[in-house]
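In what follows, a structure is listed as structure tokens, so that the remarks can point back to it.
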Amino acid sequence: MNIGEAARRSGVSAKMVRHYESLGLLPQVHRSDSGYRQYTEAEVHTLRFIKRARDLGFSMAEIAELVSLWQNRRRASASVRRIAQKHADELAQRIAAMQSMQQTLAQLVHCCQGNDRPECPILDDLAGEKHAS
């Protein structure tokens, strides 16, 4: 199948298909006599794998490692688990940091009178100045 069909069937844009190929996530695909890429069901399956991994927030380096492990039937599942656990831990840290930002902003919004006066604890905080609670 051509790149457009492979993209449609995998849910990945043709641009991203070419990008993943350039990164080595897909093996070199067969080309027709006229030079057009020809994809098989196996490459579409790999593209779906990559898309799902991207949807879960894995980095391209992690995805490359996961694809390699997925294709290696002699892999140890411990290797896969290690990558997934590291990613889950990083997500937990990012979530905690975002929750802290949200709480700080909520407190600043609560402290701001939101009236016609120029005093603003939000701007004071951003400027590194103390504000009254």
Side-chain angles (χ1 to χ4, degrees):
M1 70 191 84
N2 66 26
I3 193 168
E5 180 66 12
R8 186 188 66 74
R9 292 174 83 183
S10 65
V12 174
S13 72
K15 179 180 177 181
M16 291 308 294
V17 171
R18 285 189 286 280
H19 178 65
Y20 296 151
E21 191 175 343
S22 74
L23 294 175
L25 296 176
L26 284 177
Q28 285 287 358
V29 296
H30 175 76
R31 290 191 179 254
S32 68
D33 292 338
S34 55
Y36 291 105
R37 291 174 173 93
Q38 295 294 303
Y39 295 87
T40 65
E41 198 58 46
E43 281 110 15
V44 170
H45 195 61
T46 300
L47 288 167
R48 285 188 197 118
F49 181 98
I50 294 166
K51 181 180 185 324
R52 179 67 177 141
R54 290 294 295 153
D55 289 346
L56 290 173
F58 284 101
S59 70
M60 296 312 286
E62 291 167 330
I63 292 171
E65 194 171 354
L66 288 168
V67 166
S68 176
L69 288 166
W70 178 55
Q71 293 170 342
N72 176 3
R73 295 293 177 198
R74 296 176 48 193
R75 71 187 171 262
S77 65
S79 299
V80 180
R81 181 185 171 109
R82 175 186 48 78
I83 295 166
Q85 186 62 61
K86 179 178 177 270
H87 183 60
D89 294 345
E90 290 168 354
L91 286 173
Q93 289 173 351
R94 289 178 17 208
I95 290 167
M98 291 180 84
Q99 287 174 330
S100 176
M101 287 186 268
Q102 180 188 32
Q103 291 168 356
T104 299
L105 284 170
Q107 180 61 31
L108 290 170
V109 167
H110 175 75
C111 291
C112 181
Q113 296 298 313
N115 55 24
D116 293 336
R117 299 189 60 176
E119 295 84 13
C120 180
I122 299 169
L123 294 176
D124 291 347
D125 184 84
L126 293 174
E129 301 169 11
K130 297 290 183 195
H131 62 275
S133 296

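These values consider heavy atoms only, across backbone and side chains, with no hydrogens, waters or symmetry-generated copies.
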Query raised in the report: Using 30° and 60° as the class limits, which term best fits the ring planes of Trp70 and Phe49: parallel, tilted or perpendicular?
Result: parallel
Query raised in the report: With side chains defined as the heavy atoms from C-beta onward, is the minimum distance between Val12 and Ile50 less than 4.5 Å?
Result: no
Query raised in the report: Where do Ser13 and Ala7 come nearest, in terms of heavy atoms and distance?
Result: C-CB, 3.9 Å
Query raised in the report: Closest approach of Asn2 and Glu5, non-hydrogen atoms and distance?
Result: OD1-N, 2.7 Å
Query raised in the report: Quick one: side-chain contact (heavy atoms from CB on, under 4.5 Å) partners of Ser32, sequence neighbours excluded?
Result: Ser34, Tyr36, Gln38
Requested in this report: Considering non-hydrogen atoms only, spot the tightest contact between Val44 and Ser10 and give its length.
Outcome: O-CB, 4.0 Å
Query raised in the report: Can you check whether Asp89 reaches Lys86 side chain to side chain, under 4.5 Å on heavy atoms?
Result: no
Query raised in the report: Does Ser100 offer a backbone N or O that forms a donor-acceptor pair with the side chain of Thr104 under 3.5 Å?
Result: yes
Query raised in the report: Can you tell which of Arg52, Lys51, His45 makes a side-chain contact (heavy atoms from CB on, under 4.5 Å) with Arg48?
Result: His45
Query raised in the report: Can Glu65 and Arg82 be counted as an ion pair, charged N to O under 4.0 angstrom?
Result: yes
Report summary line: Shortest non-hydrogen pair, Leu108 vs Ile122, comes out as O-CG1, 3.7 Å
Query - Within one Ile-Leu-Val-Met-Phe-Trp-Tyr cluster: Ile95 and Leu56, side-chain cutoff 4.5 Å - result: no
Query raised in the report: Could Arg94 and Glu90 be called an ion pair, given the rule that one side-chain N must be under 4.0 Å from one carboxylate O?
Result: no
Query raised in the report: Within a strict 4.5 Å, meaning less than it, do heavy atoms of the Leu23 and Ile63 side chains meet?
Result: no
Query raised in the report: Any idea which heavy atoms bring Thr46 and Leu26 closest together, and the distance?
Result: CG2-CD2, 3.7 Å
Requested in this report: Tell me, yes or no, whether the heavy-atom count around Glu41 atom CD, taken from other residues, nucleotides or ligands under 6.0 Å, exceeds 12.
Outcome: yes
Requested in this report: Keeping to residues at least two apart or across chains, list the salt bridge (Lys or Arg N to Asp or Glu O under 4.0 Å) pairs with something in residues 13-24.
Outcome: Glu21-Arg37
Query raised in the report: Side chains of Leu25 and Met60: closer than 4.5 Å at any heavy-atom pair?
Result: yes
Query - Short N-O contact, Glu43 and Arg9, less than 4.0 angstrom - result: no
